[in-house]
Amino acid sequence: MKIATWNINGVKARVDSLIAWLKASNPDIACLQEIKSVDEAFPRGEIEALGYHVETHGQKGFNGVALLAKQRPDEVNRGLPGDDTDEQSRFIEGVFSVKGGAIRVCCLYLPNGNPVGTEKYAYKLQWMQRLAAFAERRLALEEPVILAGDYNVIPEPHDCWDVKVWQNDALFLPETRAAFRRLRNLGFIDAVRATSDEVPLYSFWDYQAGCWQKNFGIRIDHLMLSPEAADKLVSTSIEKHVRAWEKPSDHVPVAAEFTFEAA
DNA sequence: ATGGTCGGTAGCCGA
C-alpha cells in the first residue's frame, strides 16, 4: 500500500496536475494540503472517476486538507482536537481496514508561523503542542498510525540549502525543531529518514528568486510513523520530477510504501 | 539593499 502527502497549493489551479499525478504515482491513499477550497467546490467528480473516495475539510481561500483513498474509510474525523475555537481547516483523519486490523492516516497542514514574534508563531507552537497530545493518545492504541503532511518544519540543518537563511525563520527556530523532536521522542519515526541517509533531500522550492533552478530547497513535508506503522515500511520516495511540471506547486509529493493490504 | 512569485480573492493577504 502506497501512502503519499502533497501540498498542492490550490486544487483549482492544480486539478490537471492532480489527475496526472494520481494516474502516474497511483497512491492508495493521498493526503492533500492547501486545497484552498470549500468542500462544495472540490473537484470531487473528476477524482472519483479515477476510483478514489474523497473526504475534504475545506475552507474559503486558505488552508484546507483532503484525503483521497481507493478504499472507503471506516471513520473520518475533521479538525485537530484540543481547541474548539480554532476555525482553520488543517487536519483530517481517516481509518482504513487492512488485513489483520486497521490503519489511521492523518493529513495535516501545520501552521507556517511567520512572522516570528507575532500571534502566528504562538499559534504554530500551540498547534504543535496539540498535535503532540493527539499523537500520544494515538500511540497508546498500539496501532499503525501515519501522520502525513506539510509540517512547515525543517528538522535538521542538512534539510535546508543554507542554515544562515533559515536560522531565524519559524520553520527552523530551536523551539520549532524541539516541538518536532517531541514527536520523535514519543516514538514516531520520520519515514524518509528511516529509509535514506542521503543529504540533502528537499520537498519544497520557493517560487521566488529561481530557487528551483538553483536547487535552493527545504525538506518540510513528512510522514511520521508510529512503531506499528514503521514495522510495515518498505521504502519512500520524494517525487521531485513533479516540481518541473507546467504550473507546479511549490511542494512535491512524498510517498511511503507499506506491506499493508487493503481489507 | 531590495525584491523577486504564486493562488485566491477582491481591490491585498498568506506563503
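A:A13 comes within 4.0 angstrom of sugar-phosphate atoms only, judged by non-hydrogen atoms across all strands, and of no base.
Considering only residues two or more places apart in sequence or on other chains, A:D86 meets the salt bridge (charged side-chain N to carboxylate O under 4.0 Å, His left out) condition with A:R130. Applying the side chain to side chain donor-acceptor pair (under 3.5 Å) rule to A:S89 yields no partners; only residues at least two apart in sequence or on another chain are considered. The side chain to side chain donor-acceptor pair (under 3.5 Å) search around A:Q71 returns none, not counting sequence neighbours.
Spacing of C1' atoms, B:dT9 relative to B:dC13, comes out at 9 Å, to the nearest Å. Separating the C1' atom of B:dA15 from that of B:dG4 is a span of 14 Å, rounded to the nearest Å. Here, B:dG7 and B:dG3 have their P atoms 22 Å apart, quoted to the whole Å. Separation of the P atoms belonging to B:dG14 and B:dA10 is 14 Å when rounded to the nearest angstrom.
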Grab the N/O contacts between the protein and nucleotides 12-15 of chain B below 3.5 Å, and write none if there aren't any.
unit_1 : atom_1 : unit_2 : atom_2 : d
B:dG14 : OP2    : A:K120 : NZ     : 3.3
B:dG14 : O5'    : A:K120 : NZ     : 3.4

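Looking at A:D221, A:D159, A:T236 one by one, the single match for side-chain contact (heavy atoms from CB on, under 4.5 Å) with A:V192 turns out to be A:T236.
Under the salt bridge (Lys or Arg N to Asp or Glu O under 4.0 Å) criterion, the residue pairs touching residues 163-189 of chain A are A:E136-A:R182, A:E156-A:R177, A:E156-A:R184, with sequence neighbours excluded.
Protein atom CD of A:Q59 is 13 Å distant from nucleotide atom C1' of B:dT9, rounded to whole Å.
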Let me have the donor-acceptor pairs involving side chains of residues 253-263 of chain A, under 3.5 Å, with sequence neighbours excluded, atom names and distances please.
unit_1 : atom_1 : unit_2 : atom_2 : d
A:E257 : OE2    : A:M1   : N      : 3.2
A:E261 : OE1    : A:K99  : NZ     : 3.1

